[in-house]
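Worth knowing before you read on, the calculation uses all heavy atoms, side chains too, and leaves out hydrogens, waters and symmetry mates.
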Amino acid sequence: MLLTSQASPCQPVHSKLFAGLDMWIKRDDLLHPQVSGNKFRKLKYPLLALPDKAAHLVSMGGIWSNHIHALAHAAHTLGLRSTALIRGAEGMHSAMLDDVSALGMGVRFVDREAYRQLRADELAWRNHCSIDHGVWLPEGGSAPLALRGVAELIAELPFVPDQLVVACGTGATMAGLLAGLQGQARVTGIAAISKGDYLREEIRRLLQAAGYPDYRNYELLTDFHHGGYGKVSAELVDFCCQFQLETGIPLEPVYTGKMLFALRQLWHDGYLAKNVRVVAVHTGGLQGARGFTQMQR
């Protein structure tokens, strides 16, 4: 099995930061013993659908990419070759890159212009690789088949909440949760990137490509990015530290930290009904925490 057969836990949150809120957190940071986060959910069905057992997996990401980290573990587990196209200059270093190299993943650096080309044209990777049996996986693992794995999270919940809250980077996790809910509940997505309004169209596109209805039982909030992707504020860092001290739940400031920061503000501003039951999805992705620690040093 690519994924552990056990569901990640869903536990109540007891924190002064969310006083009075009936809040639970779905701990996908505990989904896998080595790989924190929901990336294995996204990879599950794309990898099961591989037509060739000799496939060489190719994808893209940054030097702290949770997706690349998960893909390296998955490829190693399945005995597949893999290559990562990393945004940056030759010689750049991170603990994440050390991990994937140790697992046998090839690493090739591409400059910013080439990276933009990869985002715009999925076939552009062939210009950077000479690889037989190459199979491309999109940035963040955001393929239509990824939604099926994310949708399975809903069946693991102990109840259907009134409100589900999740961080958004590419829109695939949000789309997968909508697919799993099948129109039930409300979903609030917190964009972790600046200028994230385009994610609405991306969510619609992914749902359509994966064969799901165009679910609209969600709202996307785009003002909680703290300066943009990978950017943090002192207030956000203080919040993450306090939440961890009160709950013992690890956070990173790139995705889940921003989502919970937004949820606290929404609760205290009266955005949520007083009797609402909320599940916040901890998408894991603790590579961002490692990167932030390295930057602090």
Colleague: What verdict does the side-chain hydrogen bond (donor to acceptor under 3.5 Å, both in side chains) test give for N38 and T283, after you've listed the backbone C-alpha separation in whole Å, the side-chain angles of each residue and the deciding distance to 0.1 Å?
Modeller: CA-CA 5 Å; N38 65 336; T283 51; 4.9 Å; no

Colleague: Quick one: salt bridge (Lys or Arg N to Asp or Glu O under 4.0 Å) partners of D162, sequence neighbours excluded?
Modeller: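 Per chain and number, D162 pairs via salt bridge (Lys or Arg N to Asp or Glu O under 4.0 Å) with no residue.
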
Colleague: For D197, which residues count as a salt bridge (Lys or Arg N to Asp or Glu O under 4.0 Å) partner, sequence neighbours excluded?
Modeller: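 D197: salt bridge (Lys or Arg N to Asp or Glu O under 4.0 Å) contacts with R200.
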
Colleague: Could you list the donor-acceptor pairs under 3.5 angstrom formed between side-chain atoms of residues 178-194 and any protein atom two or more places apart in sequence or on another chain?
Modeller:
{"unit_1": "Q184", "atom_1": "NE2", "unit_2": "L181", "atom_2": "O", "d": "3.1"}
{"unit_1": "R186", "atom_1": "NH2", "unit_2": "Y218", "atom_2": "O", "d": "3.4"}
{"unit_1": "T188", "atom_1": "OG1", "unit_2": "Q163", "atom_2": "NE2", "d": "2.5"}

Colleague: Which residue pairs pass the side-chain hydrogen bond (donor to acceptor under 3.5 Å, both in side chains) test when at least one of the two sits in residues 11-21, sequence neighbours left out?
Modeller: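 Listed by first then second residue: Q11-R27, S15-E246.
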
Colleague: List in chain and number order the residues that pass side-chain hydrogen bond (donor to acceptor under 3.5 Å, both in side chains) with R216, two or more places apart in sequence or in another chain; answer none if no residue qualifies.
Modeller: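 With neighbours one apart ignored, the set is D214.
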
Colleague: Which residues satisfy the side-chain hydrogen bond (donor to acceptor under 3.5 Å, both in side chains) test with E201, sequence neighbours excluded?
Modeller: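 Partners of E201 by the side-chain hydrogen bond (donor to acceptor under 3.5 Å, both in side chains) criterion, ordered by chain and then number, come out as R204.
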
Colleague: Salt bridge (Lys or Arg N to Asp or Glu O under 4.0 Å) with D269: which residues, sequence neighbours excluded?
Modeller: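 For D269 there are no salt bridge (Lys or Arg N to Asp or Glu O under 4.0 Å) partners, ignoring immediate neighbours.
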
Colleague: Applying ring pair (Phe, Tyr, Trp, His ring centres under 6.0 Å), which residue pairs with at least one partner in residues 183-202 are found, sequence neighbours left out?
Modeller: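 Checked against ring pair (Phe, Tyr, Trp, His ring centres under 6.0 Å) - neighbours excluded - no pair reaches residues 183-202.
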
Colleague: Can you list every pair that meets ring pair (Phe, Tyr, Trp, His ring centres under 6.0 Å) and has a residue in residues 253-281, with sequence neighbours left out?
Modeller: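 Ring pair (Phe, Tyr, Trp, His ring centres under 6.0 Å) check on residues 253-281 returns H226-F261, Y229-Y255, F239-F261.
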
Colleague: Does R126 have any salt bridge (Lys or Arg N to Asp or Glu O under 4.0 Å) partners at least two apart in sequence or in another chain, and if so, which?
Modeller: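 Counting only residues at least two positions away or on another chain, R126 forms no salt bridge (Lys or Arg N to Asp or Glu O under 4.0 Å).
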
Colleague: For a quick test of your reading: what N or O donor-acceptor pairs under 3.5 Å do the side chains of residues 134-150 make, sequence neighbours left out?
Modeller:
{"unit_1": "E139", "atom_1": "OE1", "unit_2": "R119", "atom_2": "NE", "d": "2.9"}
{"unit_1": "E139", "atom_1": "OE2", "unit_2": "Y115", "atom_2": "OH", "d": "2.8"}
{"unit_1": "E139", "atom_1": "OE2", "unit_2": "R119", "atom_2": "NH2", "d": "3.1"}
{"unit_1": "S142", "atom_1": "OG", "unit_2": "T170", "atom_2": "OG1", "d": "2.4"}

Colleague: With sequence neighbours excluded, what pairs up with D22 under the side-chain hydrogen bond (donor to acceptor under 3.5 Å, both in side chains) test?
Modeller: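 If we apply the side-chain hydrogen bond (donor to acceptor under 3.5 Å, both in side chains) test to D22, skipping adjacent residues, the hits are W24, R277.
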
